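In what follows, a structure is listed as structure tokens, so that the remarks can point back to it.
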Amino acid sequence: MPHSDTPGVHVYRTVARRLHWLMAGLVIAQIAAGLLMVYEGPEGSLVVRFAEALSLYDGHKLLGLLLLALVLFRLGYRIWVGTPPDEPSLEPWQREASHLVHAWIYLLLIVIPLLGWAGVSLYPAVVLFGSFSIPAILEPNREASAAVLAAHRYGAFALIGLIGAHVGAALYHHFVRRDGVLRRMLPTLRPPRR
């Protein structure tokens with residue numbers, strides 16, 4: 001349905017837009033935490049002390065489970081309510097590429113947290129903040145945990161690449177093609193001046 005501030009643009013419903021931006025912020029926080037966690041600088045460096053002080057490992061695990069729940073809810077909502085029609089100015093190949101990138105992003109937003117959860121279950125490292133545990137989904141096997149956590153890491157880098165493509169395409173459509181693609185998720189955004 002076109003939004004009143006965006007004539008001719010079929011925007012996503014409010015719930016879908018809010019979930020999109022909430023998850024975008026959480027994914028950015030998760031990526032930043034993940035990169036800080038694997039930083040291999042000097043033992044007493046400021047970055048290492050910062051990561052330890054914030055209990056980034058525990059926060060990363062908890063946020064991963066939250067993102068998993070949110071993406072499953074978002075997919076359910078998307079199936080139940082549907083999505084607006086594609087931007088009419090898209091070429092067929094752009095429409096197919098968009099659908100493919102979105103499908104892979106959704107898939108990775110499910111697989112990456114599951115791999116992380118499996119990895120910490122195998123390690124085992126399921127106690128968070130020293131006070132409560134998340135349920136283990138696999139029996140401990142530290143040797144297997146290394147491979148599963150490596151897959152988690154590679155999946156995260158693939159997700160970063162797909163998000164980069166997603167953001168780049170949205171900005172290209174807004175500033176170069178000047179169509180309504182970005183305004184579908186940001187309906188109050190004004191078209192760029194010509």
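Not measured: the values here are computed from a predicted model.
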Practice prompt. Scan for ring-ring contact (aromatic ring centres under 6.0 Å, His included) pairs involving residues 80-99, sequence neighbours excluded, and state none if there are none.
Written response: none

Which residues, ordered by chain and number, are linked to [X] in its hydrophobic cluster, where ILVMFWY side chains connect at heavy-atom gaps below 4.5 Å, directly or through other members?
| X | result |
| --- | --- |
| Val181 | Leu90 |
| Tyr172 | Val176 |
| Ile79 | none |

Kindly give the heavy-atom pair with the smallest separation between [X] and [Y], and that separation in Å.
| X | Y | answer |
| --- | --- | --- |
| Pro113 | Gly64 | CB-O, 3.6 Å |
| Leu108 | Gly155 | CD1-O, 4.1 Å |
| Ser89 | Gln94 | O-OE1, 4.4 Å |
| Gly180 | Val9 | O-CG1, 3.6 Å |

Practice prompt. Could you name each residue pair satisfying side chain to side chain donor-acceptor pair (under 3.5 Å) that touches residues 24-35, not counting sequence neighbours?
Written response: Gln30-His60

Does [X] have any side chain to side chain contact (heavy atoms under 4.5 Å, CB included) partners at least two apart in sequence or in another chain, and if so, which?
| X | answer |
| --- | --- |
| Ala150 | Arg153, Tyr154 |
| His174 | Leu182, Leu189, Pro192 |
| Leu109 | Met23, Val27, Val71, Ile105, Leu159 |
| Ser98 | His102 |

From [X] [atom1] over to [Y] [atom2], what is the distance, rounded to the nearest 0.5 angstrom?
| X | Y | atom1 | atom2 | answer |
| --- | --- | --- | --- | --- |
| Phe73 | Leu68 | CZ | CG | 14.0 Å |
| Tyr106 | Leu75 | OH | CG | 5.5 Å |
| Leu70 | Leu22 | CG | CG | 5.5 Å |
| Leu186 | Thr188 | CG | OG1 | 6.5 Å |

For the hydrophobic clusters of this structure (ILVMFWY residues joined by side-chain heavy atoms under 4.5 Å, transitively), does one cluster hold both [X] and [Y]?
| X | Y | value |
| --- | --- | --- |
| Leu72 | Val15 | yes |
| Leu35 | Ile28 | no |
| Leu56 | Leu149 | no |
| Ile134 | Val111 | yes |
| Leu100 | Val167 | yes |

Discussion item. Contact between Val148 and Leu138 at the side-chain level, heavy atoms closer than 4.5 Å - yes or no?
Written reply: no

Worksheet item: Hey, are the side chains of His10 and Pro85 touching, using non-hydrogen atoms and a 4.5 Å cut-off?
Response: yes

Enumerate donor-acceptor pairs with a distance under 3.5 Å from any side-chain N or O in residues 114-131 to protein atoms, sequence neighbours excluded.
| residue | atom | partner | partner atom | Å |
| --- | --- | --- | --- | --- |
| Trp117 | NE1 | Pro135 | O | 2.7 |
| Ser121 | OG | Trp117 | O | 2.8 |
| Ser121 | OG | Ile137 | N | 3.0 |

Practice prompt. Take Val101 and Trp104 through the test side-chain contact (heavy atoms from CB on, under 4.5 Å) and record every step on the way to the result.
Written response: CA-CA 5 Å; Val101 168; Trp104 274 101; 5.9 Å; no

Fill in: Qualifying salt bridge (Lys or Arg N to Asp or Glu O under 4.0 Å) pairs, either residue in residues 59-83, two or more places apart
Asp58-Lys61

Worksheet item: Around Arg18, counting heavy atoms of other residues, nucleotides and ligands shown, do more than 12 lie under 6.0 Å from its CZ?
Response: no

Worksheet entry | Non-neighbouring partners of His20 that pass ring pair (Phe, Tyr, Trp, His ring centres under 6.0 Å), sequence neighbours left out | none

Worksheet item: Would you say the side-chain atoms of Arg17 pair up with the backbone N or O of Tyr12, donor to acceptor, closer than 3.5 Å?
Response: yes

